[in-house]
Amino acid sequence: MRFAAIADIHGNHLALEAVLADIATQGVTDIVNLGDCFSGPLTAGRTAERLRGLAMLTVRGNHDRYLIEQAREAMHASDAAAFIQLNEEDLQWLRSLPTSAVYRDEIYLCHATPANDNIYWLESVSVEGHVFLKPLAEIEALAKGTDFPLILCGHSHIPRMVRLSDNRLIVNPGSVGCPAYDDDAPHYHKVETGHPLASYCILEKGEAGWLANFRTVAYDHMAMSCLAKENARPDWAGALATGWIS
């Protein structure tokens, strides 16, 4: 059993196209999508057109939820920038997405955690703003009741896997389209991959159980960086160019 997991595209259609092409070169035909598809100052409309034409199981992320729950004037800048590019069919597609799903009877999918789409599952943030691997006991507490051998989440944009004490595996494939960002919750912090490449993961089940193959893909990230700059988002421009927040 072999498939690809993608997450956190954030309206970057060039990164999405590069990842889809790489998945095809790996001989993988099945893909799951862990949400946050469109939010950002890039190409949400083109990304929506591409995603809605694909047959893949997708769960709704927190930014997907903001696009269908909030009034435009109440949205933060990245959500508002995406919203004006989306049509009613795109928004209806978001409304149709589940908040979690089970794939092939043994793989659990959610955007962040089973109970909350806006909490890091595998990372903690200190008061000083340091992002670090969450203690195993806290990770396992969030996994209580999610009794599947493979659990997939996104949200933090950090490619990572954690093996639980009962051998369950939690995997975050990283972000397709947004390699760095800052946030003020629960404390101000920066998430930085340190590179501008698109990230995703191929999952394969063998005799030893599930294994994760994390992959990075080059694409014309400077075109997206320039677009972000044109759209008055220097923070996104720098993140897309370098993978760092200046």
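The structure presented is a predicted model; accordingly, all values stated were derived computationally and were not measured.
- Taking a cutoff of 4.0 Å between a charged side-chain nitrogen and a carboxylate oxygen, Glu138 and Lys134 do not qualify as a salt bridge.
- Rounded to the nearest 0.5 Å, atoms CG (Asp22) and OH (Tyr200) are 3.5 Å apart.
- Between Tyr181 and His157, the gap from one ring centroid to the other is short of 6.0 Å.
- For Tyr120 and His189, the ring centers are positioned less than 6.0 Å apart.
- Distance alone, capped at 3.5 Å, places no donor-acceptor pair between the His10 side chain and the Phe38 backbone.
- Separation of atoms CG (Leu150) and CE (Met1) is listed at 9.5 Å; rounding is to 0.5 Å.
- In this structure, CE on Met75 lies 11.5 Å from NE2 on His63, to the nearest 0.5 angstrom.
- Here the two rings, on Phe3 and Trp210, have centers that are under 6.0 Å apart.
- Side-chain atoms of Tyr188 and Asp182 include a donor-acceptor pair closer than 3.5 Å.
- Between the side chains of Asp36 and His155, not a single donor N or O lies within less than 3.5 Å of an accepting N or O.
- Cluster partners of Tyr66 are absent, since no Ile, Leu, Val, Met, Phe, Trp or Tyr has side-chain heavy atoms less than 4.5 Å from it.
- For the pair Arg233 (side chain) and Gly40 (backbone), a donor-acceptor distance under 3.5 Å is absent.
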